[in-house]
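Accompanying notes for the structure given below.
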Amino acid sequence: MSTPHPGKQAAATAVVNLISDGMSLGLGTGSTTALALKALGERIRSEGLNVRGVPTSFAAERLAREEGIPLLSLDEIDRLDLAMDGADEVDDSFRLIKGRGAAHTREKIVAAQADRFVVLVDDSKMVDQLGTRMPLPVEVLPMAVTPVQRVLDGLGADPVLRMGDRKDGPVVTDQGFWVLDAHFDAIPDPEAINRTLNDTPGVLDHGLFLGLATDVLIGHDDGNVDHRTV
Ligand code: 5RP
């Protein structure tokens, strides 16, 4: 049977081939990483592969448990060998927007602990400029939502509070925070936006991942994968 997302599947299969016995892993969130976690579970069952992983969300934790992937916390290790995760946009300098699944805060913490941070995308995620196709998610303390909206307005964005699907009211993250989706026409200077948001009281974290990715696996619908490294 053909997979509904052959590009995502190709990237997911490719990352699992980079994993070897004894590795400690970061387990990302989203549909592409879910395919990788399933393929990793298959290797654990068929080869007895000995790996452990830090999940980046409740969703990743639940899937890892279903797949029999042993879990680990950041308290138990110095560094992770490899973290894998999807992205919403990737530019040519390996800068990312993440957070469609509102998991970007934990995803960034885990990625920053990894010797290799491998990003899994299909080719539709590659962009010339960040912010042109997806909004930038900003995780905020609920009491700070209006002041942070003003900061985002001042940066030229249109911030929209993310609302629940089959839940009334705002999306509440795994940390109990809310998410503002900041719609830009484009983000020509991601480093400047990163600095401003990092300095804004009430912002827990945001979806710009700068200087973190070491590898990008770009899957194509024909099953081929471009493996780009910094
Ligand atoms: C979740 C994320 C995801 O990794 C990102 O949205 C990509 O998801 P998908 O693989 O489903 O396209 O950042 O917070």
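Indexing begins at 1, ligand by ligand and atom by atom, following the structure's order.
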Residues, nucleotides or ligands: over 12 heavy atoms within 6.0 Å of D128 CG = no
key: Residue portion contacting ligand 1 (non-hydrogen atoms closer than 4.0 Å) for A87   = backbone
request  = With side-chain hydrogen bond (donor to acceptor under 3.5 Å, both in side chains) as the test, would you mind laying out the steps for D215 and T229 before giving the verdict?
outcome  = CA-CA 4 Å; D215 302 57; T229 53; 5.8 Å; no
ask   = Got the closest protein heavy atom to atom 5 (C) of ligand 1, with its distance?
value = D88 OD1, 3.2 Å
query = Which residue owns the protein heavy atom closest to atom 10 (O) of ligand 1, what's the atom, and how far is it?
reply = T32 OG1, 2.5 Å
ask   = Within a reach of under 6.0 Å around CG of D185, are more than 12 heavy atoms found that belong to other residues, nucleotides or ligands?
value = no
task = Identify which of K98, K108, K125 has a heavy atom lying nearest to atom 2 (C) of ligand 1.
result = K98
task = Measure the shortest side-chain to side-chain distance between P55 and R65 over non-hydrogen atoms and say whether it is less than 4.5 angstrom.
result = no
remark   = Taking only non-hydrogen atoms of D85 and a 4.0 Å limit, the atoms of ligand 1 in range are 4 (O)
query = Is the backbone of G86 close enough, under 3.5 Å, to the side chain of K98 for a donor and an acceptor to pair up by distance?
reply = yes
query = If you count the non-hydrogen atoms of other residues, nucleotides and ligands that lie under 6.0 Å from CG in D222, is the total more than 12?
reply = yes
remark   = Numbered in order shown, the ligand 1 atoms found under 4.0 Å of a heavy atom of A102 are 14 (O)
inquiry  = Using a 4.0 Å cutoff against the non-hydrogen atoms of G99, which atoms of ligand 1 qualify?
reply    = 2 (C), 13 (O), 14 (O)
message = Give the atom numbers and elements of ligand 1 that come within less than 4.0 Å of a heavy atom of K8.
response = 9 (P), 11 (O), 12 (O)
query = To the nearest 0.1 Å, how far is atom 8 (O) of ligand 1 from its closest protein heavy atom, and which atom is that?
reply = R100 NH2, 3.2 Å
message = Does ligand 1 come near enough to G30 that some N or O of the ligand is less than 3.5 Å from an N or O of the residue?
response = no
ask   = Do L37 and M84 come within less than 4.5 Å of each other through their side chains, counting heavy atoms only?
value = yes
task = Answer with side chain, backbone, both or neither: which part of P137 has a heavy atom less than 4.0 angstrom from an atom of ligand 1?
result = neither
task = Check whether any side-chain heavy atom of M23 lies under 4.5 Å from a side-chain heavy atom of L18, and answer yes or no.
result = no
inquiry  = Strictly distance-based, threshold 3.5 Å: is any side-chain N or O of D174 a donor or acceptor partner for the main-chain N or O of F58?
reply    = yes
Contact atoms of ligand 1, heavy-atom distance to A103 under 4.0 Å = 14 (O)
ask   = Looking at ligand 1, does any of its N/O atoms fall within less than 3.5 Å of an N/O of S31?
value = yes
ask   = Out of K38, R43, R45, which one pairs with E67 under the salt bridge (charged side-chain N to carboxylate O under 4.0 Å, His left out) rule?
value = R45
key: Enumerated ligand 1 atoms positioned under 4.0 Å from heavy atoms of G101   = 1 (C), 14 (O)
key: Region of V121 engaging ligand 1 - heavy atom pairs below 4.0 Å   = neither
key: Protein heavy-atom partner closest to atom 3 (C) of ligand 1 - residue, atom, separation in Å   = T29 O, 3.2 Å
